[in-house]
Amino acid sequence: MPLLAVTDEVISLTETILRAKVLPKKAARDAAHIATAAVHGMNFLLTWNCVHLANAEIFEDVETVCRFEGHRCPVICTPEELLGA
């Protein structure tokens, strides 16, 4: 499994997500996970973090920011959701 690089583009998208207040500043690491997955074109971002990541209430805003910045937002879900459990 390849390691995804934290590029200038990833950092820029992370900062944009935080500036848009989609996620609070204390969730900068979570914003970076989203940005890394989006910049590298991942289809899914699996997580057990249902506060800031796998959260249906904020997904539309996250998706909007990613799209505005020219990236497709990955589907953010728990492993159980991905497997249909």
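- At a threshold of 4.5 Å between side-chain heavy atoms, the hydrophobic network of Ile, Leu, Val, Met, Phe, Trp and Tyr places Leu45 and Val6 in one connected group.
- For the atom pair Arg72 CZ and Met42 CE, the distance stands at 9.0 Å (nearest 0.5 Å).
- Of the possible polar contacts, none joining the Ser12 side chain to the Asp8 backbone as a donor-acceptor pair under 3.5 Å is found.
- Looking at every heavy atom in both residues, Ala38 comes nearest to Leu13 through CB-CD2, 3.9 Å.
- Ala54 approaches Ile76 most closely through the heavy-atom pair N-CG2, 3.7 Å.
- Under the 4.5 Å side-chain heavy-atom criterion for ILVMFWY residues, no single connected hydrophobic cluster contains both Val62 and Val75.
- Considering Leu18, Ile17, Ile11 in turn, Leu18 is the only one that fulfils the side-chain contact (heavy atoms from CB on, under 4.5 Å) rule with Thr14.
- Residues Leu23 and His52 come closest through the heavy atom pair CD2-O, 3.3 Å.
- Atom CZ of Arg67 has more than 12 heavy atoms from other residues, nucleotides or ligands within 6.0 Å.
- Residues Val39 and Leu46 fall into different hydrophobic clusters, defined by Ile, Leu, Val, Met, Phe, Trp and Tyr side chains chained together at heavy-atom separations under 4.5 Å.
- Within the model, atoms CD of Glu9 and OG1 of Thr16 stand 10.5 Å from one another, a figure rounded to the nearest 0.5 Å.
- To the nearest 0.5 Å, the span separating CG on Leu83 from OG1 on Thr78 amounts to 8.5 Å.
- Closest approach of Phe44 to Cys77, counting heavy atoms only: CD2-SG, 4.4 Å.
- Atom CG of Asn43 has more than 12 neighbouring heavy atoms from other residues, nucleotides or ligands inside a 6.0 Å radius.
- Between Asn49 and His33 there is no side-chain heavy-atom pair separated by less than 4.5 Å.
- Closest of all the heavy-atom pairs between Ile34 and Cys66 is CG2-SG, 4.2 Å.
- One hydrophobic cluster, built from ILVMFWY side chains closer than 4.5 Å, holds both Ile58 and Val65.
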